[in-house]
Amino acid sequence: MSNSCKKPSCEKAYITTPIYYVNDIAHIGHAYTTIIADTLARYSRMAGMETFFLTGTDEHGQKIEEAAKKRGESTQAYADKISATFKDLWDDFDISYDKFIRTTDEDHMKGVQKAFSTMHANGDIYKDTYKGHYCISCETFFPSIQLVDDEFCPECGKSTTIVEEESYFFKLSAYEDKLLAWYNDTPDCILPRSKKNEVIRFVEGGLTDLSITRTSFDWGVKLPADMNDPKHVMYVWLDALMNYVTALGYGGDEENMDFWPARVQLIGKDILRFHAIYWPAFLMSLGLPLPKHIAAHGWWTRDGEKMSKSKGNVVNPKEVADAYGLDNFRYFMLREVPFGGDGDFSQKALIDRINSDLGNDLGNLLNRVIGMSGKYFEGKVESSNVAKYYQAELDEVHASLDKLEPLLYEMQIHRYLEELWRPLTVANKAIDMYQPWTLMKEGREEEAMALNGLISAILAKVSIMLSPVMPAICKKISTALCFEINNDTWKSMVKDTTLLAPFTLEKIDPLFPRIEEPLLTQIEPVDVKVAPKKDSKKEESTEGIALIGIDQFFQTSLKVGTVVKAEEVPKSKKLLLLQVDVGEAEPRQVVAGIKEWYSAEEMLNTQVCVVANLKPAKLMGMVSQGMLLAAKDEDGLCMIRPEKPKTAGTPIG
RNA sequence: GGGUCGGUAGCUCAGUUGGUUAGAGCACUCGGCUCAUAACCGAGUGGUCCGGAGUUCGAGUCUCCGCCGACCCA
């Protein structure tokens, strides 16, 4: 680990990702969180901070216990297997974590018990009874008014059970004022700001005490032995959240506790409440300082649609990285999305970023200077006269570089990258303005040589600041320019204005070959055989099919319809625009994604089954007032139609 | 039902405490250049800043009322 710097003055940076729940294998959301954290960690190290970067897996809970049982495996073996898929992916992605923690680690479990004892000793834990409708799948209690038909989970639709159990409670209610004071006193404690307001309002609305143990399952951390209450295990959030300090040795050797408090704790916006409310309350109870920043990022959609396994449009990060390059994928994710907002993944957007930003602006610039130095100076680059001729350009470059660091600390990584591109524009402009080919003709070799020095220096400075985002590519650039990216060059070339020592520039292959066509014909969903469960708590509904009552079925209005008009939607591969008579005064406009299998002519005057009470939706700007029933398998799609002609509007049931 | 955040160019977004003619990138059109990956540079097209009312000498920015969208909670 990073123990090189023991001076008390040395700044420390502890950066964490959430620990990922082992009910799923890694998807683009996991990769996004981890890559942001990795970028911050790499920057911290480069900037000379002693850095500790933590990631890991969350492995306890009833759901894991049951998933393992279903597969006939031991719970531990199952957890081992899924945990390893995360670790392997991060290793594959060259994620620079310092520790990979698992909640099944002995040290972690001891630390959680220590925390429980401490909170208990401080009077923040008491025993009571918990009663409610419990959804096993969502691991959540719901008040009865929220249930669907008095029984079913409002989140996933599965049956809930009434659970009355003895539980230990954490006095969350006692921390309301202290939490509000924290939000108030530390402006950037929760990023982005918009999310912070949400949290504040929630806390102002009043907090209820938190049930932190369960007796209904075993797969979890037991209470401390001296509590003498062996049927209880810790509830998942106490167990999981504590990982951030047990990883540093809390409750054990305390070896790395001087890294606490964390500089940045990255999370997805779904788990903001746990991290912005429960977690700081736990820390206050333990007498530990609070993290500097909790940063919540948004979701990724795919071609504008929510990703979900049932749609089969989940992006597999490994597949994308393999096809387009890991560094390119990292750049895309960090450049494309304003932090906190949702991002959309599409191959077109990815290709545009690679060709335009990376290829045209950055890669081509390196080729330009390689070409010029090769043609005019046999590859030699010498920088002694750069300031003499190009001080204005240097000033402009450093003005941009100076703006970068704060943007990173504010988690404005997309702005960071945007600003980082300005020096490249300065370089490209300078070549055009000073025209080295003209300089050479006029015998002004000193100026031409200095220009190459300027361009090389700009590339070097940019590659240093880009290296946390694109480590492998920047290593290639620095190798070509004969320097190393490290704390020394960061200080001299970015913080200070040093240029490159004389060197010889060899020709290298283009860093970003132009991409003309999508490289993935179809992005396969992640392998669902390993873990058939959904990623976010919200969507954990598709394992098995929830049973519904007949009344729920009849909430859907299905009708026979006749297609009275059909045309193709221009510029769309998939969509047909249909007018369907469903027995109403006017035909319904329905936009159907069936063009790949049915032409407009084929659809005209045929009968279809229409979902008639669907909320209208807009597709490519056109309102669709219904949906056609169809069946799709690997051989394609076919419409579901009445066997014999029926009057338009005939109900189906 | 309550709350939070958005709505600015064809697309993605920036617009600091209200202050000249509302910006950037991509895309598009035209021109220039040849060191370079059909790359680069310049110019240009393109905006009722969601709508309405108000405060003000002055509103994209502040207030109120709507509409639309995303999310959180009950």
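Numbered from 1 within each chain, the chains take letters A, B, ... in sequence-line order.
For A:Lys348 and B:rA27, the NZ to C1' distance is 8 Å, given to the nearest whole Å. Between the CZ atom of A:Phe332 and the C1' atom of B:rU12 there is a distance of 11 Å, rounded to whole Å. Spacing between atom CG of A:Leu272 and atom C1' of B:rC71 amounts to 11 Å, rounded to whole angstrom units. In this structure, the NZ atom of A:Lys269 is 15 Å from the C1' atom of B:rC73, given to the nearest Å. In this structure, A:Tyr331 places its OH atom 13 Å from P of B:rG25, rounding to the nearest Å.
A:Asp58 places no side-chain N or O within donor-acceptor distance of the main-chain N or O of A:Tyr20, the cut-off being under 3.5 Å. In this structure, the side chain of A:Glu447 does not engage the main chain of A:Tyr389 through any donor-acceptor pair within 3.5 Å.
Spacing of P atoms, B:rA43 relative to B:rG6, comes out at 34 Å, to the nearest Å. For the P atoms, the distance from B:rU20 to B:rU61 is 14 Å, rounded to whole Å. Nucleotides B:rG47 and B:rA39 are separated by 27 Å at their P atoms, to the nearest Å. Taking the C1' atom of each, B:rC41 and B:rC50 are spaced 38 Å apart, rounded to whole Å. Taking atom P on both nucleotides, B:rG18 is separated from B:rG2 by 31 Å, rounded to a whole Å.
A close approach under 4.0 Å does occur between a side-chain nitrogen or oxygen of A:Arg273 and OP1 or OP2 of B:rC73.
With A:Ser400 as the partner, the side-chain hydrogen bond (donor to acceptor under 3.5 Å, both in side chains) test is satisfied by one option alone out of A:Glu419, A:Lys461, A:Arg422: A:Glu419.
Here A:Trp237 and A:Phe274 bring their ring centres to under 6.0 angstrom of each other. In summary, the aromatic rings of A:Tyr324 and A:Phe332 are positioned with their centroids too far apart to meet the 6.0 Å limit.
Salt bridge status for A:Lys195 with A:Glu198: absent, with no side-chain N to carboxylate O gap under 4.0 Å. At a threshold of 4.0 Å, the pair A:Asp327-A:Lys475 does not count as salt-bridged, since none of the basic side-chain nitrogens sits closer than that to a carboxylate oxygen. Remark: A:Arg415 does not engage A:Glu410 in a salt bridge, criterion side-chain N to carboxylate O under 4.0 Å.
Base pairing of B:rU48: no nucleotide in any strand meets the Watson-Crick or G-U wobble criterion (both distances under 3.5 Å). Remark: B:rU61 base-pairs with no nucleotide in the shown strands. Criterion, Watson-Crick or G-U wobble with two distances under 3.5 Å. The base-pairing partner of B:rC35, taking Watson-Crick or G-U wobble contacts with both distances under 3.5 Å, does not exist among the strands shown. Partner assigned to B:rA24 is B:rU12, using Watson-Crick or G-U wobble distances below 3.5 angstrom.
A:Tyr434 and A:Glu393 share a side-chain donor-acceptor pair at under 3.5 Å.
Using bins of under 30°, 30° to 60° and over 60° for the plane-to-plane angle, the ring pair A:Trp299/A:His297 lands in the perpendicular bin.
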- Letter by letter from the 5' end, nucleotides 1-7 of chain B scores (B base, S sugar-phosphate only, - none; protein heavy atoms under 4.0 Å) --BBS--
Polar atom pairs between nucleotides 32-42 of chain B and protein, under 3.5 Å, N or O only, would you list them?
residue : atom : partner  : partner atom : Å
B:rG32  : N2   : A:Asp432 : OD2          : 3.2
B:rC35  : OP1  : A:Tyr376 : OH           : 3.4
B:rC35  : OP2  : A:Lys375 : NZ           : 3.4
B:rC35  : O2'  : A:Arg368 : O            : 3.1
B:rC35  : O2'  : A:Met372 : N            : 3.3
B:rC35  : O2   : A:Arg368 : NE           : 3.1
B:rC35  : N3   : A:Arg368 : NE           : 3.1
B:rC35  : N3   : A:Arg368 : NH2          : 2.6
B:rC35  : N4   : A:Arg368 : NH2          : 2.9
B:rA36  : O2'  : A:Asn364 : OD1          : 2.3
B:rA36  : N1   : A:Arg368 : NH2          : 3.4
B:rA36  : N3   : A:Asn364 : ND2          : 3.1
B:rA36  : N3   : A:Arg368 : NE           : 3.1
B:rU37  : O2   : A:Phe512 : O            : 3.2
B:rU37  : O2   : A:Arg514 : N            : 3.4
B:rU37  : N3   : A:Phe512 : O            : 2.8
B:rU37  : O4   : A:Phe512 : N            : 3.3
B:rA39  : OP1  : A:Arg514 : NH2          : 2.8
B:rA39  : O2'  : A:Asn364 : ND2          : 2.7
B:rC40  : O2'  : A:Arg368 : NH1          : 2.7
B:rC40  : O2'  : A:Asp432 : OD1          : 3.3
B:rC41  : O4'  : A:Asp432 : OD2          : 3.2
B:rG42  : OP1  : A:Lys429 : NZ           : 3.2

